[in-house]
Amino acid sequence: MRAVLDLIVGDPQADRAVPPTGITARLTVFATAVMAFLAVLVLAMSTTAGRVADRWADELAQAATLRLPADAGEATVENALEILRLTPGVAEARALTDTEQQALLDPWFGPDLALDTLPVPQLIEIIADDPPYDADGLRARLTAELPAAVLDDHARWREPLIVAAGRLRFVASVVTLLIGAALAATVVLAAQASLAANVQVIHVLRLVGARDIYIARAFVRRFTLRAGLGAALGALIGVITVQLLPTGDTPGNFLSEIGFQGAGWLWPLVIPLIAAIVAFAATRAAALARLKEQT
């Protein structure tokens with residue numbers, strides 16, 4: 001707590017070694033604001049993509065389709081429905097109507113397709129219970145009683161979504177680390193420029209007995225506060241930008257869902273703190289190293 005208070009209040013005498021305004025101040029605030037803005041956008045898009053992919057994967061995991069041959073009669077359909085209703089883990093099973101199957105085929109063949117002129121398979125929708133049914137066991141039973149039936153549990157659709165969500169989170173982590181590295185590099189350059197511009201002031205402070213850690217503390221405080229302020233402004237602008245993105249009620253529209261939800265709103269609040277910590281560590285290391293060179 002004392003260290004945090006000293007960082008905020010500072011020492012008026014030591015602060016004279018660091019100019020309160022100038023190109024280094026504007027550069028630090030601007031750079032950290034841009035980095036925080038980009039970090040908010042990256043995190044918003046990655047968390048949204050992961051959230052959407054997880055939701056789609058969950059929805060696919062709860063639903064499955066049983067496909068019967070086009071020439072399957074009502075007795076075969078009823079037999080299949082009876083098997084599904086008696087299967088543990090199946091919450092609901094129903095045969096799709098001609099209208100519903102027509103709607104599924106419209107995007108591919110257009111609305112004028114006549115189902116009665118084509119050998120369209122009969123589809124049965126399966127909704128899994130919690131816990132879900134045993135897909136392998138159900139396939140074995142269907143193979144024995146209805147050899148022509150094909151069970152599609154959407155595994156081939158779920159797996160790519162899960163992989164894609166994991167890769168998106170990994171890419172977001174890498175980009176965030178690169179943004180942090182760029183922020184650290186910018187702060188280091190600004191601190192070194194400020195140290196070089198205040199060589200005479202530092203020399204005078206040394207003549208009156210000031211130690212390097214005392215002088216460095218002034219640089220650390222000033223640049224840490226600048227980085228925190230810039231990151232807070234950038235994060236605020238990023239949140240506003242995300243909130244201004246177009247929204248819509250179209251199902252599956254990814255752009256309409258970009259944003260933070262629940263605990264995800266902690267990210268914009270944490271970004272300024274992380275930026276300040278990065279600036280603190282980078283400035284301290286750079287200041288002590290540069291002061292040692294100027295000895």
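All of these numbers come straight from a predicted model, not from anything done at the bench.
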For this session: Quick one: pull up CZ in Arg67 and CD1 in Ile124 and give me the separation to the nearest 0.5 Å.
Result: 12.0 Å
Exercise. Linking I/L/V/M/F/W/Y whenever their side-chain heavy atoms sit closer than 4.5 Å, directly or via other members, would Val29 and Ile237 fall into one cluster?
Worked result: no
For this session: Output all residues satisfying salt bridge (Lys or Arg N to Asp or Glu O under 4.0 Å) with Glu92, sequence neighbours left out; order by chain, then residue number.
Result: none
Exercise. Sub-3.5 Å donor-acceptor pair from the side chain of Ser46 to the main-chain atoms of Leu43, do we have one?
Worked result: yes
For this session: Indicate yes or no for a side-chain donor-acceptor contact from Glu78 to the backbone of Ala75 under 3.5 Å, with no hydrogens or angles considered.
Result: no
Problem set entry | Close side-chain approach of Arg94 to Glu100, heavy-atom, < 4.5 Å | yes
Seminar exercise, completed: Looking only at heavy atoms, the pair that brings Ala95 and Val77 closest together is CB-CG1, 4.1 Å
For this session: Kindly compute the distance separating CD1 (Ile274) from CD1 (Ile179), expressed to the nearest 0.5 Å.
Result: 11.0 Å
Problem set entry | Over-ring placement of Arg226 relative to Phe223, 6.0 Å and 45° cut-offs | yes
Exercise. Do Val150 and Ile83 sit in the same hydrophobic cluster, where Ile, Leu, Val, Met, Phe, Trp and Tyr count as joined when their side-chain heavy atoms come under 4.5 Å apart?
Worked result: no
For this session: Grab the two heavy atoms, one from Thr76 and one from Leu68, that are nearest each other, plus how far apart they are.
Result: O-CD1, 4.4 Å
For this session: Provide the closest heavy-atom pair for Ile127 versus Glu125 in the form atom of the first, atom of the second, distance.
Result: CD1-OE2, 3.8 Å
Exercise. So with a 6.0 Å cut-off around CZ of Arg211, is the heavy-atom count from everything else above 12?
Worked result: no
Exercise. With side chains defined as the heavy atoms from C-beta onward, is the minimum distance between Arg141 and Thr87 less than 4.5 Å?
Worked result: yes
For this session: State whether the number of non-hydrogen atoms from other residues, nucleotides or ligands found under 6.0 Å of Arg284 atom CZ is greater than 12.
Result: no
Problem set entry | ILVMFWY network linking Val175 to Val242, side-chain heavy atoms under 4.5 angstrom | yes
Seminar exercise, completed: Shortest non-hydrogen pair, Phe37 vs Thr241, comes out as CE1-OG1, 3.4 Å
